[in-house]
Amino acid sequence: MILSLCTISFRHQLISIDQLAKWAQANHFQGIELWGIHAKNLASQPHYNKNWLAEFDLKATMLSDYLPLQASESELKEQVELFCRLAKHWGSKKVRTFAGKQGSADTTQADFIQLANRLKKVCDWMTPHGLSLIIETHPNTYADTVTSTEQLFEQVARDNLKLNFDVLHVWESKAQIIPAFERLKPVINHFHLKNISSAKLLDVFSPSTVYSASGSRKGIVPLFDGAVNYAEFLDYVNTHPDENVRDMEASLEWFGDQCKTVLNRDRYLIQRLQQTNEHAKRFVG
């Protein structure tokens, strides 16, 4: 698994991209998932780019933004073109957004068709740039269940529409994680990894809370300390017969305090589990 840290984890800290890159390299991350607003703000300093990241043995695995799918077509296209330029600048092949702002159960058929048509246009605009549009499994969007996500991908029908499989949000939807992964596997090309102490506290990830500097962080816990069984999921991924699954790009999406301490510990435990799986495979072989 190719593991990235997310610059959004440091959204409320006074820390530079230079410091992040040096720390990521020193702590054995292979990539950085660059938050859209950070990519926009760094555009005025063009020496920060894919070649600069490569000096730290890092790459930009994904640019994560919130494309205005409900805006006018001209405004949407302007934002898509901006992120195509930013993605090229950073050497990323993926731009992430959400499938609207409404849960699938509350979406009318007309709204669904409109959403799908907008996603088709975005995919088509990105195709000449060799980019993929990444939709994330997420509550209060159309991709909030396995079935609705399958419906959306079937309707859009674009090869460069891919899925960020957010493990916690799939669990939040009441789906069984591993069967859900296998159903959606043909379109998955990224994982988001985070955890919660209890389903009762999932509201801590609501935008109004998680993006607020003074918002609660209650319930946000390290990856292997929460309600989602990541040991089981990552063991399944590490031993999967499909090499593309074993080599999937993934991001540790930490929104809590003590970013460096938690991210380094989680990264170490993920690596140790992977090494254990590899050792067991060699021993059996």
Side-chain angles (χ1 to χ4, degrees), residues 1 3-13 29 33 35 62 64 66 96 98-99 101-105 134-149 163-181 183-184 188 190-238 248-274:
M1 194 160 57
L3 197 61
S4 297
L5 61 80
C6 300
T7 64
I8 195 174
S9 295
F10 300 86
R11 64 203 177 285
H12 301 308
Q13 298 186 31
F29 285 89
E33 180 182 320
W35 197 22
M62 188 159 68
S64 292
Y66 320 94
R96 187 224 63 180
F98 293 122
K101 298 180 178 180
Q102 197 170 38
S104 58
I134 311 300
I135 294 299
E136 183 169 323
T137 51
H138 203 280
N140 301 313
T141 72
Y142 199 84
D144 58 359
T145 71
V146 175
T147 299
S148 63
T149 302
L163 185 67
N164 176 28
F165 189 86
D166 187 302
V167 179
L168 178 134
H169 291 318
V170 172
W171 173 82
E172 181 178 0
S173 76
K174 311 299 184 185
Q176 294 183 22
I177 294 172
I178 291 174
F181 167 74
R183 279 177 61 179
L184 296 170
I188 296 172
H190 205 98
F191 294 138
H192 264 179
L193 312 176
K194 58 178 177 285
N195 216 334
I196 192 79
S197 62
S198 168
K200 296 178 181 178
L201 298 172
L202 282 165
D203 283 349
V204 75
F205 290 118
S206 65
S208 60
T209 300
V210 83
Y211 295 139
S212 170
S214 59
S216 172
R217 303 294 179 254
K218 184 179 180 181
I220 300 176
V221 295
L223 203 64
F224 295 94
D225 296 347
V228 180
N229 189 343
Y230 273 98
E232 179 182 50
F233 176 71
L234 293 176
D235 181 71
Y236 184 80
V237 169
N238 290 336
M248 190 76 69
E249 291 182 339
S251 301
L252 277 173
E253 196 183 30
W254 174 250
F255 288 111
D257 299 322
Q258 299 179 316
C259 293
K260 289 183 176 180
T261 300
V262 175
L263 286 170
N264 184 42
R265 177 177 177 269
D266 282 349
R267 191 279 316 158
Y268 166 74
L269 292 174
I270 290 171
Q271 184 182 43
R272 189 174 71 175
L273 180 62
Q274 185 172 356

Worksheet item: When rounded to the nearest 0.5 angstrom, what distance separates CD1 in I188 from CG in L163?
Response: 5.5 Å
Discussion item. Looking at Y268, I want to see if its OH is surrounded by more than 12 non-hydrogen atoms of other residues, nucleotides or ligands under 6.0 Å.
Written reply: no
Worksheet item: Are K194 and F205 in a cation-pi contact, defined as NZ or CZ under 6.0 Å from the six-membered ring centre and within 45° of the axis?
Response: yes
Discussion item. For the residue pair S4 / E33, report whether a side-chain donor-acceptor contact shorter than 3.5 Å exists.
Written reply: no
Worksheet item: Does R265 have any salt bridge (charged side-chain N to carboxylate O under 4.0 Å, His left out) partners at least two apart in sequence or in another chain, and if so, which?
Response: D225
Worksheet, complete the sentence: Looking only at heavy atoms, the pair that brings L263 and F29 closest together is O-CZ, 3.7 Å
Discussion item. Please check this pair: side chain of T209 against backbone of S216, looking for a donor-acceptor N/O pair closer than 3.5 Å.
Written reply: no
Worksheet, complete the sentence: Output for pair (L201 CG, K218 NZ), nearest 0.5 Å, gives 6.0 Å
Worksheet entry | Heavy-atom closest contact (L223 atom, Y230 atom, distance) | O-CD1, 3.4 Å
Response to the item:
Value for OG1 (T261) from CH2 (W254), rounded to nearest 0.5 Å, stands at 10.0 Å
Fill in: salt bridge (charged side-chain N to carboxylate O under 4.0 Å, His left out) partners of R183, counting only residues at least two apart
E150
Item to complete: Can you sort out the partners of Y236 under ring pair (Phe, Tyr, Trp, His ring centres under 6.0 Å), two or more places apart, ordered by chain and number?
Response: H240
Discussion item. Can you see whether S104 engages D144 through a side-chain donor-acceptor pair at a distance of less than 3.5 angstrom?
Written reply: yes
Item to complete: Determine whether more than 12 heavy atoms belonging to other residues, nucleotides or ligands lie under 6.0 Å from atom CD of Q13.
Response: yes
Response to the item:
On a heavy-atom basis, the closest approach of I220 and I196 is N-CD1, 4.0 Å
Worksheet item: Under 3.5 Å, is there a donor-acceptor pair between the side chain of R11 and the main chain of I8?
Response: yes
Worksheet item: So, the side chain of S173 versus the backbone of V170: is there a donor-acceptor pair under 3.5 Å, distance only?
Response: yes
Worksheet entry | Considering all heavy atoms, the nearest L273-A231 contact | CD2-O, 3.9 Å
Worksheet, complete the sentence: Output for pair (Y142 OH, T137 OG1), nearest 0.5 Å, gives 15.0 Å
Response to the item:
Residues passing the side chain to side chain contact (heavy atoms under 4.5 Å, CB included) test with N164, sequence neighbours excluded, are M62, R96, I134, E136, H190, H192
Discussion item. For a side-chain contact (heavy atoms from CB on, under 4.5 Å) check, start with the C-alpha distance between I178 and E232, then their side-chain angles and the critical distance, and finish with the verdict.
Written reply: CA-CA 9 Å; I178 291 174; E232 179 182 50; 4.1 Å; yes
Discussion item. I'd like to know if the side chain of T141 reaches the main chain of A143, judged simply by a donor and an acceptor atom lying under 3.5 Å from each other, with no hydrogens or angles considered.
Written reply: yes
Worksheet, complete the sentence: dist L193:CG -> D266:CG (nearest 0.5 Å) comes out at 9.0 Å
Item to complete: State, to 0.1 Å, how close C259 and F10 come at their nearest heavy-atom pair, and which atoms those are.
Response: CB-CE2, 3.6 Å
Practice prompt. For atom CD of Q271, decide whether the heavy atoms of other residues, nucleotides or ligands shown that lie under 6.0 angstrom number more than 12.
Written response: yes
Practice prompt. Find the distance between CZ (F98) and CG (N140) and round it off to the nearest 0.5 Å.
Written response: 10.5 Å
Response to the item:
All heavy atoms of I270 vs all of L234, minimum pair found to be CG1-CD1, 4.0 Å
Worksheet item: Is the side chain of N264 donor-acceptor paired with the backbone N or O of K260 at a distance under 3.5 Å, no angle test?
Response: no
Item to complete: Tell me, please, which residues at least two apart from F191 pass ring pair (Phe, Tyr, Trp, His ring centres under 6.0 Å).
Response: F181, F233
Worksheet entry | side chain to side chain contact (heavy atoms under 4.5 Å, CB included) partners of E172, counting only residues at least two apart | P139, L168, H169, L202
